[in-house]
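For reference, the structure discussed in these notes is given below.
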Amino acid sequence: MISTPLVYLGIEVPINNRPELDKGFLPIYAFHQAFLKTAAQPFSFAVERNDKQIYVRNTFIHGDEAHTEADKYFIDRYVKWEVWQKGGFRVYIKGNAAIYEYIKQTWSAEGARALDAEFMGKLYQNPFEVLLVDELPEAYEIKRAIGGHFDGCRIGFDAGGSDNKVAAVIDGEAVYSAETVWLPKIQTDPDYHFNGVLAAFKDAAQYLPRIDAIGISSAGLVGNNRILAAQLFQKVSQELFDAKGRDTYIRAVAAMGENIPFEVANDGDVAALAGSLSMEKKNILGLAMGTSYIGGFVDGDGNLINWISELAFAPMDLSPDAAADEWTKDIGVGVQYFCQEAVIKLAPRTGIDLNGYDTPAKKLKAVQDLLDNGHEGAAAIFRSIGVYLGHTAPWYCHIYGVDYFLLLGRTVSGKGGDIVLEVANKVIAEEYPDLKVEILLPDEKTRRLGQSVAAASLPKR
């Protein structure tokens, strides 16, 4: 039975499978496809980073008065997606003055994307700007080889927002692994982070005859082994972050010994690396569904693409009633749909009261415990997340061109992950039967500790 289409800004979007706890969910891909059925005027834009990488998108708008609001909304969501998926501080708009003026105002200091623009400006050390041009600059991208170096005695570390994981690895075999709860996001002293990292290193070192290399998977954005931005340090002042926080991993490695080779990558990239290495597959998008949400992409040639893939802040629900991100204040972005924040958001809709738990990690664990005990409301939460994923998968395929998804992180640990996988596959089969993609869910140990082991392979000796 075909359900009544969702209609927004005059665009009718047919959706059969809807999240039982979020009936207004309006998937970005379904909206995109419905929008393009009636849009015929070519439109192009590009996003530029300070490393000279330029990403170009060619699409269509309607260009008529009846669809003015739909055109603006569509392009705003598309631009925001590119900025958070690729990274960038400058947006070029080709030709269309009305859309240019709208995007320029929206991404100004007084506009709805002011926080996004400010963040990207600081990240790329240039004021964020939107330019109108007659011709877009030529696209240019940089690729770099992935890790996969397992020789010798290595430490792998994975820093998340609710826990950190460490592994001691000898010639590719984990001889020790541990998971430790920590609360970096509420700490004002960056020494807390440094001491936590160093303690994990020392813990793993006890199980190694020597340290040949250290690999680090970290939530947030990194560059040249320094932390560019991370919610792990959200309570640390800018002055202390610049003085101590940015070099946390550099200082911790130095404290373990002189001239130890090391490499730092964001956790989404390491999620993709873990899948590529352990399952011997390429063209894979790793989705780290933990405290927050980030992606990492290994392309068909086995290269780790140099995109930020901060999917937590990239739009995927275009409903005007979508949940808001507490940081950027924007609605419908990934953090509210694919990590523990999604579980916490949906829990009250099932009657589950999480007010007695003082951390997000404990709230997630409480729901997972209810699921293990057969709680139907808890099952409904993970079924809803599965519907989210099933509808979002074709958009990720449209952007990345992937053959595989790999789900990692505490949100898909245990029975919840199995439910998410089953429901997502059902939605894809029923709504997008031509989509050829495989969603991979590793065994339980790999789900929770695989990133620390994969991180150990990042540096060459």
Side-chain angles (χ1 to χ4, degrees), residues 119 122-123 154-168 177-206 211 213-257 260-271 288 290-294 296 308 310 312 326-327 335 339-341 358-362 364 409-410 448-449 451-456 458-459:
F119 177 86
K122 289 181 178 178
L123 185 67
R154 297 168 172 266
I155 293 174
F157 179 76
D158 177 31
S162 299
D163 57 56
N164 66 66
K165 307 176 185 73
V166 70
S177 61
E179 181 176 353
T180 302
V181 174
W182 71 338
L183 300 172
K185 295 169 71 174
I186 64 172
Q187 308 298 325
T188 59
D189 186 351
D191 284 342
Y192 173 91
H193 306 72
F194 170 78
N195 291 330
V197 174
L198 185 58
F201 286 177
K202 290 181 176 180
D203 185 27
Q206 298 178 69
I211 302 175
I214 297 175
I216 299 160
S217 165
S218 178
L221 302 177
V222 299
N224 296 320
N225 294 328
R226 304 181 78 216
I227 302 166
L228 301 179
Q231 289 192 327
L232 299 174
F233 293 84
Q234 65 182 11
K235 295 296 184 181
V236 176
S237 69
Q238 189 66 46
E239 181 180 3
L240 284 175
F241 178 66
D242 290 339
K244 290 185 173 182
R246 290 191 187 278
D247 293 336
T248 293
Y249 300 126
I250 296 172
R251 293 189 295 123
V253 171
M256 295 299 295
I260 297 175
F262 75 103
E263 186 75 33
V264 184
N266 77 51
D267 52 0
D269 284 338
V270 180
T291 302
S292 188
Y293 179 55
I294 194 169
I308 64 173
E310 275 283 357
E326 65 177 15
W327 177 52
V335 70
C339 64
Q340 66 187 21
E341 293 300 323
D358 60 356
T359 68
K362 290 179 181 178
L364 171 63
R410 63 190 310 125
R448 296 183 64 83
L449 296 172
Q451 284 182 237
S452 60
V453 176
L458 288 171

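Just so you know, these numbers come straight off a predicted model, no measurement behind them. We number each residue from 1, following the sequence as shown.
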One should read off an interatomic distance between Ile214 CD1 and Ile260 CD1, to the nearest 0.5 angstrom, of 4.5 Å
Whether over 12 other heavy atoms sit under 6.0 Å from Gln206 CD = yes
Do Val197 and Arg251 pass the side-chain contact (heavy atoms from CB on, under 4.5 Å) test, and can you show the C-alpha distance, the side-chain angles, and the key distance before you say yes or no?
-> CA-CA 10 Å; Val197 174; Arg251 293 189 295 123; over 6 Å; no
Glu326, CD atom: more than 12 neighbouring heavy atoms under 6.0 Å | no
Is a side-chain N or O of His193 found less than 3.5 angstrom from the main chain of Gly245, in a donor-acceptor match?
-> no
Is any side-chain heavy atom of Asn225 less than 4.5 Å from a side-chain heavy atom of Phe262?
-> yes
Donor-acceptor under 3.5 Å (Gln187 side chain, Leu183 main chain) | yes
Could you tell me whether the side chain of Phe194 reaches within less than 4.5 Å of the side chain of Lys244, counting heavy atoms only?
-> no
For Leu458 and Ile216, what are the C-alpha separation, side-chain angles and deciding distance, and is it a side-chain contact (heavy atoms from CB on, under 4.5 Å)?
-> CA-CA 8 Å; Leu458 288 171; Ile216 299 160; 5.8 Å; no
Reported CD1-to-CG distance for the pair Ile308 and Leu123, which is rounded to 0.5 angstrom = 6.5 Å
Might you point out which heavy atoms bring Phe233 and Thr248 nearest each other, and give the distance in Å?
-> CZ-OG1, 3.5 Å
Where Ala454 and Val270 come nearest, the two heavy atoms and their spacing | CB-CG1, 4.0 Å
Glu310 vs Ile294 side-chain heavy atoms within contact, under 4.5 Å | yes
Please check if the side chain of Asn195 supplies one atom and the backbone of Asp191 the other of a donor-acceptor pair under 3.5 Å.
-> yes
Check Val264 against Ser218 and note the closest heavy-atom contact, atom names and distance.
-> CG1-CB, 4.4 Å
Given side chains that start at C-beta, do those of Ile211 and Ile155 come closer than 4.5 Å, heavy atoms only?
-> yes
Would you say the side-chain atoms of Asp247 pair up with the backbone N or O of Ile250, donor to acceptor, closer than 3.5 Å?
-> no
Is there side-chain contact between Thr291 and Gln231, with heavy atoms separated by less than 4.5 Å?
-> no
Provide the closest heavy-atom pair for Ala200 versus Val166 in the form atom of the first, atom of the second, distance.
-> O-CG2, 3.5 Å
Single hit among Gln340, Lys185, Lys362 for side-chain contact (heavy atoms from CB on, under 4.5 Å) with Ser162 = Gln340
Distance in Å, Lys235 NZ paired with Phe241 CZ, rounded so as to fall on 0.5 Å steps = 15.5 Å
Between the main-chain N or O of Arg246 and the side-chain N or O of Arg226, is there a donor-acceptor pair closer than 3.5 Å?
-> no
From Asn164 CG over to Ser217 OG, what is the distance, rounded to the nearest 0.5 angstrom?
-> 11.0 Å
Identify the two heavy atoms, one from Ser292 and one from Ala312, that lie closest to each other, and give their separation to 0.1 Å.
-> OG-CB, 3.5 Å
Do Ser452 and Asp158 have a side chain donor and acceptor closer than 3.5 Å?
-> no
Taking the six-membered ring for Trp, are Tyr192 and Trp182 parallel (under 30°), tilted (30 to 60°) or perpendicular (over 60°)?
-> parallel
Which atom pair, heavy atoms only, marks the closest approach of Gly161 to Leu232?
-> CA-CD2, 3.7 Å
Centres of the Phe157 and Phe201 rings: under 6.0 Å?
-> yes
Non-hydrogen side-chain atoms of Arg154 and Pro459 separated by less than 4.5 Å = yes
